[in-house]
Amino acid sequence: MNHTEPRTDWTREEITALFDMPFMDLLYEAQTVHRTHHPRNEVQLSTLLSIKTGGCPEDCGYCSQSVEADSGVKATKLMDVRAVLQAAAQAKDGGSGRFCMGAAWRNPKDRDMPKLVEMIQGVRGMGMETCMTLGMLSEGQAKQLADAGLDYYNHNIDTAPENYANIISTRTFEDRVETLENVRSAGINVCCGGIVGLGEERSDRIGFVHALASMPHPESVPINQLVPVKGTVLGDMLEGTPMAEIDEIEFVRTVAVARITMPASMVRLSAGRESMSESCQALCFMAGANSIFTGDKLLTAPNAGDDSDAALLAKLGIRAMQAAPHGHLEEAAE
Ligand code: SAM
Ligand code: DTB
Ligand code: SF4
């Protein structure tokens, strides 16, 4: 285990140079970094549940849950605590170590907080790690969730600061950073990443990783591949264009550069696995990805599913990582 503090002073030039490396050299370096910080051949398993779907007032161009999207996703109310706990028990039975609850909100209302607190306490009581993603949080809300025992909060920067306004207009990159600061100050582990395949340039992927690696490194970094959804701005805009298919090698490069620049973080191969070949997923693990979402559904989009995942992990000789009691898996690498 390497206990030196991860660097947050990466320059754009250094990150550009990593992206430009010969692919095999990049993979070799990423896997070498990976092995000095994490147990080899282990992947952490998380399960997602949408606890409040659709009708979101934000206009994120990729999202099926925005009110602006004509995606056919039906808006629901916040789920009952009991139903959420049932789903969590099922995820635990399926071998998942972390339960991530997502709500399609700009931010939670104070009246929602008691239910959210109950969900966290219930899931934690089952011995699973808890994660929530609920939109923007005030300092006080972050503190309430922390006091309830929330292990992780997911809040993505999604893309480079300079590309942000092309994807979302209802909030700013700085709004995102403010919530991330509230989450970190409350003592909750940060889960923050973004999306590749939005039609962005490589320079935007460089800016994206640079922004993440320049902040106190998120404990968990989800890298999503865009799941194009009909009726969303991006799903419709990219359909039938060469940009609709993101280059697999470029995707793997992004994972590798995230691994090298944020060596101690968990890098999650998130949305998009359903349409990804086994070989591409294997290359992502080689590049240092060490976490995935299990189950046959993400929030609204399909996921690879437990059977195909179990088969893939067995084929690759990869084991499920055991969850640490207090939400931080780093000690598992000792
Ligand atoms: N509403 C909350 C928020 O945006 O902070 C939480 C849920 S939101 C769905 C969480 C993340 O899912 C987004 O930041 C985005 O990175 C990812 N996401 C949403 N739709 C996606 C899609 N179609 N393809 C890939 N990733 C997607
Ligand atoms: C993240 O970065 N990816 C997850 C999680 N955080 C909440 C969500 C992926 C959503 C994929 C599209 C959908 O299911 O609607
Ligand atoms: Fe709302 Fe989150 Fe979807 Fe944006 S990504 S529209 S904030 S649910």
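Order of listing sets the numbers, starting from 1, for every ligand and every atom in it. All residue numbers refer to positions in the sequence shown, counting from 1. Values reported hereafter were calculated over all heavy atoms of this structure, with side chains retained and with hydrogens, waters and symmetry mates removed.
- Counting the atoms of ligand 3 from 1 in the order shown, those under 4.0 Å from a heavy atom of Tyr62 are 5 (S).
- Atoms of ligand 1 lying under 4.0 Å from any heavy atom of Trp105, numbered from 1 in the order shown and given with element: 1 (N).
- Taking distances strictly below 2.8 Å, the protein N/O/S atoms close to atom 4 (Fe) of ligand 3 are Cys60 SG.
- Within the listing of ligand 2, atoms 2 (O) sit less than 4.0 angstrom from a heavy atom of Pro222.
- Looking at Asn154 next to ligand 2, an N or O pair under 3.5 Å apart turns up.
- Atom 4 (Fe) of ligand 3 is approached by the protein to below 4.0 angstrom, counting heavy atoms only.
- Ranked by closest heavy atom to atom 3 (N) of ligand 2, the top entry among Leu226, Asn224, Val221 is Asn224.
- The shortest heavy-atom distance from Asn156 to ligand 2 is under 4.0 Å.
- There is no side-chain donor-acceptor pair under 3.5 Å between Tyr62 and Asn224.
- Close approach to Thr133 involves these atoms of ligand 1, each under 4.0 Å from a residue heavy atom: 2 (C), 5 (O), 6 (C), 7 (C).
- In summary, the atoms of ligand 1 found under 4.0 Å from a heavy atom of Leu226, numbered by their order in the structure, are 24 (N), 25 (C).
- Under 4.0 Å is where a charged nitrogen must lie from a carboxylate oxygen, and between Arg124 and Asp151 at least one such pair does.
- Around atom 24 (N) of ligand 1, the closest heavy atom drawn from Leu234, Val227, Ile223 belongs to Val227.
- If you check the side chains of Asp59 and Thr170, you find a donor sitting under 3.5 Å from an acceptor.
- Near Leu299, meaning under 4.0 Å from one of its heavy atoms, ligand 1 places the atoms 9 (C).
- With atom 15 (O) of ligand 2 as the reference point, the heavy atom nearest to it among Thr300, Leu49, Asn303 is part of Thr300.
- Ring planes of His155 and Tyr153: tilted class, angle from 30 to 60°.
- Not a single N or O atom of Thr133, backbone or side chain, sits closer than 3.5 Å to an N or O atom of ligand 2.
- Of all the atoms in ligand 1, the ones that sit under 4.0 Å from a non-hydrogen atom of Gly135 are 2 (C), 5 (O).
- The only member of Asn107, Leu116, Thr179 that meets side chain to side chain contact (heavy atoms under 4.5 Å, CB included) when paired with Leu134 is Leu116.
- For Arg171, the heavy-atom gap to ligand 3 drops under 4.0 angstrom.
- Looking only at heavy atoms of the protein, atom 27 (C) of ligand 1 is closest to Ile195 CD1, 3.7 Å.
- Taking 4.5 Å as the limit, some side-chain heavy atom of Leu85 sits within range of a side-chain heavy atom of Met126.
- When heavy-atom distances to ligand 2 are checked against a 4.0 Å cut-off, Leu48 comes that close only through its side chain, counted from C-beta outward.
- Here's the thing with Ala301: one of its N/O atoms is less than 3.5 angstrom from an N/O atom of ligand 2.
- The heavy atom nearest to atom 4 (O) of ligand 1, out of those in Gln225, Lys52, Arg176, is found in Arg176.
- Taking every non-hydrogen atom of Asp158 and a distance limit under 4.0 Å, the qualifying atoms of ligand 1 come out as 13 (C), 14 (O), 15 (C), 16 (O).
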